[in-house]
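In what follows, a structure is listed as structure tokens, so that the remarks can point back to it.
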Amino acid sequence: MLQRPRRNRKSEVIRQMVQETHVSAANLIFPLFIIDGKNQKTEVSSMPGIFRYSVDNLLREVESCIKLGLKTFDLFPNIDEALKDTFATESYREESLYLRAIREVKKEFPEACVITDVAMDPYSSDGHDGIVDNGEILNDATLEVLGKMALAHARAGADIIAPSDMMDGRVGFIRQVLDEHGYSGVSIMSYSAKYASAFYGPFRDALNSAPKFGDKKTYQMNPANQREALIEANLDEQEGADFLMVKPALPYLDVIKLLKDNTELPIAAYNVSGEYAMIKAAIQKGWLNEQRAITEVLTSIRRAGATAILTYHAKEVLENKWL
Ligand code: PBG
């Protein structure tokens with residue numbers, strides 16, 4: 001035999017020398033859930049180890065992450081049911097929980113990179129990402145709300161705006177609103193290929209944001225489709241996105257690879273709540289080795305082509321020095 005591939009696996013030193021993919025703190029984005037009140041920290045029952053923080057505790061959490069080298073955060077609010085309405089007006093109210101949280105984090109930690117989520121669902125009395133009219137999700141009317149929300153986030157200090165709603169034309173619309181108001185330096189990370197997935201269940205528990213009727217299939221993509229992701233990705237690129245995102249991550253590694261091969265923009269992948277819950281449940285049952293399962297998941301997502309990974313594992317992998 002002239003070729004014996006095992007020679008390149010014979011020692012730890014050689015294995016490390018030929019390792020093709022690495023994950024580091026710089027690649028990780030930590031999603032954080034926010035709730036109203038003071039000194040609150042409540043665990044999400046379907047996401048062991050993940051909490052909703054009131055703003056004071058959020059600041060402490062951000063601080064402890066920064067000490068570990070984790071500096072990018074994606075914030076999501078849990079909104080009081082009484083504040084929700086058809087038009088998600090709470091989403092751009094100056095003194096809202098979310099805008100306060102962004103301002104506070106940027107004030108205390110200017111070096112942190114804050115990503116904000118633009119979508120109506122946490123603030124919508126219908127639990128949908130768009131304005132509902134007679135059971136239908138209106139596209140163009142929703143863009144107006146998304147524009148106001150994005151502008152409010154930029155004013156509060158967001159570094160990157162991440163529209164997760166899947167309305168047509170929203171990246172271009174938001175880009176124009178930001179530019180017209182002097183925020184041409186604020187980036188857009190677009191949820192380009194966001195699928196109508198079963199794996200968002202725990203997230204909707206965390207935020208109490210599940211749709212009040214129907215599902216999200218008229219705007220989120222059909223899990224059976226791959227080529228359609230290219231249509232979305234090309235549009236987002238033309239409309240001015242700085243990052244393209246694929247979501248969920250693990251069941252869609254082929255889509256990550258496809259986008260990677262078809263754009264020069266950096267790709268982000270969202271290792272979503274259900275993926276986290278699945279791994280944690282198996283670990284709690286003693287069915288998987290925690291460190292190996294988690295690092296393998298993150299490495300696979302990077303190997304498929306993701307530059308950045310949004311993951312609920314971000315802090316624990318650094319705390320435990322697993323990378
Ligand atoms: C809502 C949004 C969702 C997630 C991020 N933004 C859920 C949904 O579309 O219903 C899911 C994230 C996760 O599951 O971790 N715009």
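If you're wondering where the values come from, they're calculated on a predicted model, not measured in any experiment. Every number for a ligand or one of its atoms is a count from 1 in the order of the listing.
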Exercise: do Glu81 and Asn208 side chains pair donor with acceptor under 3.5 Å: yes
Within the side chain of Glu43, is there an N or O that forms a donor-acceptor pair under 3.5 Å with the backbone of Gly49? yes
Is the ring pair Phe33/Phe76 parallel, tilted or perpendicular, if the boundaries are 30 and 60 degrees? tilted
Is there a heavy atom in Asp165 that sits closer than 4.0 Å to ligand 1? no
Among protein heavy atoms, which sits nearest to atom 14 (O) of ligand 1, and what does the distance come to when rounded to 0.1 Å? Ser273 OG, 2.7 Å
Side-chain donor-acceptor pair under 3.5 Å between Tyr219 and His128, yes or no? yes
Distance flag, aromatic centroids of Tyr92 and His153, threshold under 6.0 Å: no
Ligand-side contact atoms (ligand 1) for residue partner Arg204, heavy atom cut-off under 4.0 Å: 8 (C), 10 (O)
Atom 8 (C) of ligand 1 sits nearest the protein heavy atom Lys216 NZ, 3.3 Å
Do we get Lys247 above Tyr200's six-membered ring, with its NZ or CZ under 6.0 Å from the centre and within 45° of the axis? yes
So, Gln16 side chain and Val13 main chain: donor-acceptor pair closer than 3.5 Å or not? no
Which is it for Asp121 and ligand 1 at heavy atoms under 4.0 Å: side chain, backbone, both or neither? side chain
Starting from atom 15 (O) of ligand 1, what is the nearest protein heavy atom, named by residue and atom, and what distance separates them? Tyr312 OH, 2.6 Å
Does Ser164 approach ligand 1 within less than 4.0 angstrom via side chain, backbone, both or neither, non-hydrogen atoms only? both
Taking N or O atoms only and a 3.5 Å limit, does Asp129 qualify as a polar contact for ligand 1? yes
Would you mind finding which of Phe33, Tyr200, Phe203 brings a heavy atom closest to atom 12 (C) of ligand 1? Phe203
Here's one to test your reading of the geometry: is the NZ or CZ of Lys84 within 45 degrees of the ring axis of Tyr123 and under 6.0 Å from its centre? no
Identify the protein heavy atom lying closest to atom 5 (C) of ligand 1, giving its residue, its atom name and the separation to 0.1 Å. Lys247 NZ, 2.6 Å
Between ligand 1 and Tyr270, can you find any atom pair, the residue atom being a heavy atom, that is separated by under 4.0 Å? yes
Is the closest heavy-atom distance from Glu275 to ligand 1 below 4.0 Å? no
Going by the order shown, which atoms of ligand 1 are within less than 4.0 Å of some heavy atom of Ala119? 16 (N)
What I'd like to find out is whether the side chain of Leu143 reaches to under 4.5 Å of the side chain of Asn139, using heavy atoms alone. yes
With a 4.0 Å cut-off on heavy atoms, is Lys194 touching ligand 1? yes
